[in-house]
Structure formats: C-alpha cells, structure tokens
Amino acid sequence: MNPGQEPLPSFYIEGLAYREDFTELEKFSKSKKSPIGYGPFVEVCLKYDKRSEAERYVERVPAEERVIPYIRLGNLEKAAEQAFVNKSVDELIKVLDQTTVAAVGASTSAAQNTKALSVRIQTNIEKLQS
C-alpha cells in the first residue's frame, strides 16, 4: 500500500474486529460515510460474537436494508416492523419463516410472544396484498 492510501474498508473493519478493537471500529465508522455501507459493520461484529456492538450499527443501515440485519440479530419484532414500513411482502415472509424457527424450543412465554408476532405479520401481509 502506498503512503497515504487507505486500506480497503472491508478488510480494515475485519482486521479491527479480529483484534477486538471495537473502539477503533466505531471511530472508523464515524470518520466519514462508509463506502461499503454499514451492513458489513453489523456482520463483522456478529461474526466475532459482539452482538451489542452490532446493534450500534443497525440504525445506520439504510431503512430498506435493515430487515436482514435485524433478523441476524434475532430482533424479529424490529425486522417485522421494518419490513412493513418497507411495504415488502417478501421481507415479511422471511421474518415469518424465522418466527417458526424461533418458536421451536422456546419457553412457553417466548413461544406465545412469537405466535402473537406471527399473527401480526400474517395480518400485515394481508394488508399489503389487498
């Protein structure tokens, strides 16, 4: 690399996460608009099992791209809300599929919450299709 040349952003954020230098990763994310977006920041934090770090970046991902990061974080409520705001039946179906997975092996209370979310998602799908 030539002096003054910046490293490729995806390799740089991967390196920072590998070193567990999440303070520097956050500084880098705020230094300027990311040329690769903020989805890769979420992904690299999840890769290194740093969920709370990943949650910092989700809101910086463009709204139309947030559903998958929310799913990956296990935040199906937010994923469903965003999919409905995006008016995307396909995204709502992806979230609905994940509610089925989440209900398996869940406690009774969690399973009931997941079932209620499933019903809301199905209602929203019907609204968007009508």
Side-chain angles (χ1 to χ4, degrees):
M1 181 170 11
N2 295 330
Q5 184 181 16
E6 291 187 39
L8 295 172
S10 57
F11 290 118
Y12 187 63
I13 65 172
E14 176 77 28
L16 291 173
Y18 178 77
R19 291 190 342 228
E20 296 191 11
D21 192 349
F22 293 99
T23 302
E24 190 61 34
L25 183 66
E26 185 170 8
K27 284 183 194 174
F28 179 70
S29 77
K30 292 178 178 178
S31 66
K32 56 186 166 187
K33 184 170 169 43
S34 173
I36 59 172
Y38 293 96
F41 286 83
V42 174
E43 291 301 318
V44 76
C45 290
L46 289 172
K47 178 178 178 180
Y48 290 96
D49 201 27
K50 299 294 183 184
R51 182 185 171 87
S52 63
E53 295 292 332
E55 290 171 347
R56 292 181 183 194
Y57 299 106
V58 174
E59 294 301 320
R60 295 171 74 183
V61 172
E64 63 276 4
E65 298 173 13
R66 283 187 198 147
V67 173
I68 298 301
Y70 278 137
I71 290 171
R72 297 257 301 119
L73 282 164
N75 192 336
L76 300 181
E77 289 275 349
K78 285 274 199 178
E81 289 172 21
Q82 190 64 58
F84 186 67
V85 168
N86 293 352
K87 298 181 180 174
S88 174
V89 171
D90 290 340
E91 289 178 337
L92 282 167
I93 291 170
K94 285 180 186 176
V95 181
L96 185 59
D97 290 344
Q98 291 301 308
T99 62
T100 304
V101 172
V104 174
S107 68
T108 304
S109 173
Q112 289 173 344
N113 291 341
T114 302
K115 177 67 175 162
L117 177 59
S118 297
V119 170
R120 286 196 310 273
I121 292 170
Q122 290 168 341
T123 301
N124 286 339
I125 289 171
E126 291 169 11
K127 286 180 185 177
L128 291 176
Q129 290 178 332
S130 61

Novice: Report whether I68 and Y57 are members of the same hydrophobic cluster (ILVMFWY, side-chain heavy atoms less than 4.5 Å apart, transitive linking).
Specialist: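 Shared cluster, no.
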
Novice: Tell me, please, which residues at least two apart from T100 pass side-chain contact (heavy atoms from CB on, under 4.5 Å).
Specialist: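 Counting only residues at least two positions away or on another chain, T100 forms no side-chain contact (heavy atoms from CB on, under 4.5 Å).
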
Novice: Do the side chains of I125 and V119 join up, straight or via other hydrophobic residues, at under 4.5 Å, putting them in one cluster?
Specialist: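 Cluster IDs for I125 and V119 differ.
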
Novice: How would you list all residue pairs meeting ring-ring contact (aromatic ring centres under 6.0 Å, His included) that involve residues 110-130, not counting sequence neighbours?
Specialist: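 Not a single pair qualifies under ring-ring contact (aromatic ring centres under 6.0 Å, His included).
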
Novice: Would you name the heavy atoms of L16 and F28 that are closest together and state the gap between them?
Specialist: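 Shortest heavy-atom contact: CD1-CB, 4.5 Å.
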
Novice: When you group the ILVMFWY residues by side-chain heavy-atom contacts below 4.5 Å and let the links chain together, are L73 and L96 in the same group?
Specialist: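 In one cluster with L96: L73, no.
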
Novice: Quick test of your reading: applying side-chain hydrogen bond (donor to acceptor under 3.5 Å, both in side chains), list the pairs with at least one residue in residues 119-130, sequence neighbours left out, ordered by first then second residue.
Specialist: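 The answer is E77-R120.
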
Novice: Going from CD1 on I71 to CD on Q82, what distance comes out if it is rounded to the nearest 0.5 angstrom?
Specialist: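 One finds 11.5 Å between CD1 of I71 and CD of Q82.
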
Novice: Indicate yes or no: at least one non-hydrogen side-chain atom of E26 is less than 4.5 angstrom from one of K30.
Specialist: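 A side-chain contact under 4.5 Å exists here.
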
Novice: Go through the steps for I36 and I13 under the test side chain to side chain contact (heavy atoms under 4.5 Å, CB included), then give the verdict.
Specialist: CA-CA 11 Å; I36 59 172; I13 65 172; 4.1 Å; yes

Novice: If you group Ile, Leu, Val, Met, Phe, Trp and Tyr whenever their side-chain heavy atoms sit less than 4.5 Å apart, what else falls in with V101?
Specialist: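 Grouped by the 4.5 Å side-chain rule, V101 forms a cluster of one, so the answer is none.
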
Novice: Which side-chain N or O atoms in residues 87-95 pair as donor and acceptor under 3.5 Å with protein atoms at least two apart or in another chain?
Specialist:
residue	atom	partner	partner atom	Å
S88	OG	E91	N	3.0
E91	OE1	N86	ND2	3.1

Novice: May I have all residue pairs that pass ring-ring contact (aromatic ring centres under 6.0 Å, His included) and include part of residues 59-99, sequence neighbours excluded?
Specialist: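 Non-adjacent pairs meeting ring-ring contact (aromatic ring centres under 6.0 Å, His included): zero.
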
Novice: Please tabulate, for side-chain N and O atoms in residues 39-50, each donor-acceptor pair with protein atoms closer than 3.5 Å (sequence neighbours left out).
Specialist:
residue	atom	partner	partner atom	Å
E43	OE1	R72	NE	3.0
E43	OE1	R72	NH2	2.7
E43	OE2	R72	NE	3.2
K47	NZ	E14	OE2	2.9
Y48	OH	E14	OE2	2.6

Novice: To the nearest 0.5 Å, how far apart are CG in D97 and CG in L76?
Specialist: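 D97 CG to L76 CG: 11.0 Å, rounded to 0.5 Å.
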
Novice: Test of understanding: with salt bridge (charged side-chain N to carboxylate O under 4.0 Å, His left out), list the residues that count as partners of R60, not counting sequence neighbours.
Specialist: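 Counting only residues at least two positions away or on another chain, R60 forms no salt bridge (charged side-chain N to carboxylate O under 4.0 Å, His left out).
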
Novice: What residues form a salt bridge (charged side-chain N to carboxylate O under 4.0 Å, His left out) with E59, not counting sequence neighbours?
Specialist: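 In terms of salt bridge (charged side-chain N to carboxylate O under 4.0 Å, His left out), with neighbours along the sequence ignored, E59 is linked to R66.
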
Novice: Would you compute the distance between atom CD1 of I121 and atom CD of E81 and round it to the nearest 0.5 angstrom?
Specialist: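 The CD atom of E81 is 10.0 Å from CD1 of I121, to the nearest 0.5 Å.
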
Novice: Name all residues meeting the salt bridge (charged side-chain N to carboxylate O under 4.0 Å, His left out) criterion together with D21; count only those two or more places apart in sequence or in a different chain, and write none if there are none.
Specialist: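 Testing D21 for salt bridge (charged side-chain N to carboxylate O under 4.0 Å, His left out), a comparison that skips the adjacent residues, returns R19.
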
Novice: Identify whether V67 and L117 are in the same connected component of the hydrophobic contact network (ILVMFWY, side-chain heavy atoms under 4.5 Å).
Specialist: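 Both belong to a single hydrophobic cluster.
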
